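Reading through the structure tokens given below for one structure.
Values in this document were obtained by computation on a predicted structure and should not be read as measured data. Computed from heavy atoms alone, side chains included, the values below leave out hydrogens, waters and symmetry copies.
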Amino acid sequence: MDSPADGAGGPAVTSLLIACALGIEQVALRSALRKTRAGRSDRSGRTPDAGPVTVLRTGMGPRNAERATARALGTDRNRDAAVIASGFCAGLAPGMNPGDLIVADETRGPHGSTPCTGTALLVEALSRALPGRTVHTGPLTGSDHVVRGPERAGLRATGALAVDMESAATLLSALSAGARPVAAVRVVVDAPEHELVRIGTVRGGISAFRVLRAVIPAFLEWHRSLLLPRR
């Protein structure tokens, strides 16, 4: 029998909310969603996805993420939505490169850890959508500021693979609004050997942006799988 962390035991999932912090992340995800849906539309213009998909820009930082997620889930459209926190992150492990993918098995924040739903399915779907890209799985930790230099080593010592400012707050807020599947998928924009000063000004930022534009098919596959009958 599946555990709640695998998507069982909650309400029926009809919609998907993808939360990101930055405008550039929202542009990447929305443009990819439009392109994917256009490619899958039937002659009537409808798409075969499980339900409505919203790409929400929360703003930077855990407080903004928490508030924006709670507001979005308070609407009829998203009340029972599955939630994915996405966007860019900082890799913590040596050898990581910009454009690597992080699929969290849990997010960590000041209020504890949140287990993620369907991690293995997301890894498989992302590997198909982005062949040749490295996909890392493990804990994604939260911070209330941009992490630089030696601070990375301290976070890595806790076992975390990557850090961002919004994922932990987004998923905690989502579950506070009711039981639902939650996940976090991030693209490494900088890493210990490739620190990024400003997104989009160096090759690492451009690489991460391109990868983020390619994750939507995997997100939709994960979303559709939540509606399959459970044994």
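- Put simply, the side chain of Arg224 never gets that close to the backbone of Gly51: no donor and acceptor are under 3.5 Å apart.
- Looking only at distances, no side-chain donor or acceptor of Arg156 sits under 3.5 Å from a matching main-chain atom of Ala93.
- Side-chain contact of Ser31 with Arg213: a donor-acceptor pair under 3.5 Å is absent, judged by distance alone.
- Residues in residues 111-123 take part in no salt bridge (Lys or Arg N to Asp or Glu O under 4.0 Å) pair, two or more places apart or across chains.
- One distance of note links SG of Cys89 with CG of Leu101; it measures 9.0 Å at 0.5 Å rounding.
- Using a 4.5 Å cut-off on side-chain heavy atoms (C-beta onward), Leu73 and Val83 make contact.
- Both Val211 and Ile18 are part of a single hydrophobic cluster, where members link through side-chain heavy atoms under 4.5 Å apart.
- In this structure, Glu124 has no side-chain hydrogen bond (donor to acceptor under 3.5 Å, both in side chains) partners at least two apart in sequence or on a different chain.
- Partners of Asn78 according to the side-chain hydrogen bond (donor to acceptor under 3.5 Å, both in side chains) rule, which considers only residues two or more places apart in sequence or in another chain, do not exist here.
- The backbone N or O of Pro217 lies less than 3.5 Å from no partner atom in the side chain of Glu221, so there is not a single donor-acceptor pair.
- The side chain to side chain donor-acceptor pair (under 3.5 Å) pairs that include a residue from residues 55-72 number zero, where partners must be two or more places apart or lie in different chains.
- The structure places SG of Cys116 at 8.0 Å from CG of Leu140, a figure rounded to the nearest 0.5 Å.
- Within the 4.5 Å cutoff, the side chain of Phe209 has no heavy atoms near those of the Val187 side chain.
- Of the possible donor and acceptor atoms, none in the side chain of Glu166 sits under 3.5 Å from a partner among the backbone N and O of Met60.
- Note that CG of Leu122 and CD1 of Ile84 are 5.5 Å apart. Values are rounded to the nearest 0.5 Å.
- For Ser113, there are no side-chain hydrogen bond (donor to acceptor under 3.5 Å, both in side chains) partners, not counting sequence neighbours.
- With hydrogens and angles ignored, the 3.5 Å screen pairs a side-chain donor or acceptor of Thr117 with a backbone N or O of Val182.
- Rounded to the nearest 0.5 angstrom, Thr14 OG1 and Arg79 CZ are separated by 11.0 Å.
- Listed by first and then second residue, the salt bridge (Lys or Arg N to Asp or Glu O under 4.0 Å) pairs that reach into residues 82-106 are Glu106-Arg108, sequence neighbours excluded.
- Of the N and O atoms on the side chains of Ser167 and Arg186, at least one donor lies less than 3.5 Å from an acceptor on the other residue.
- No side-chain heavy atom of Thr54 sits under 4.5 Å from any side-chain heavy atom of Leu16.
- The distance from the CG atom of Asn97 to the OG atom of Ser207 is 8.5 Å, given to the nearest 0.5 Å.
- Here the CG atom belonging to Leu171 is positioned 4.5 Å from the OG1 atom belonging to Thr107, to the nearest 0.5 angstrom.
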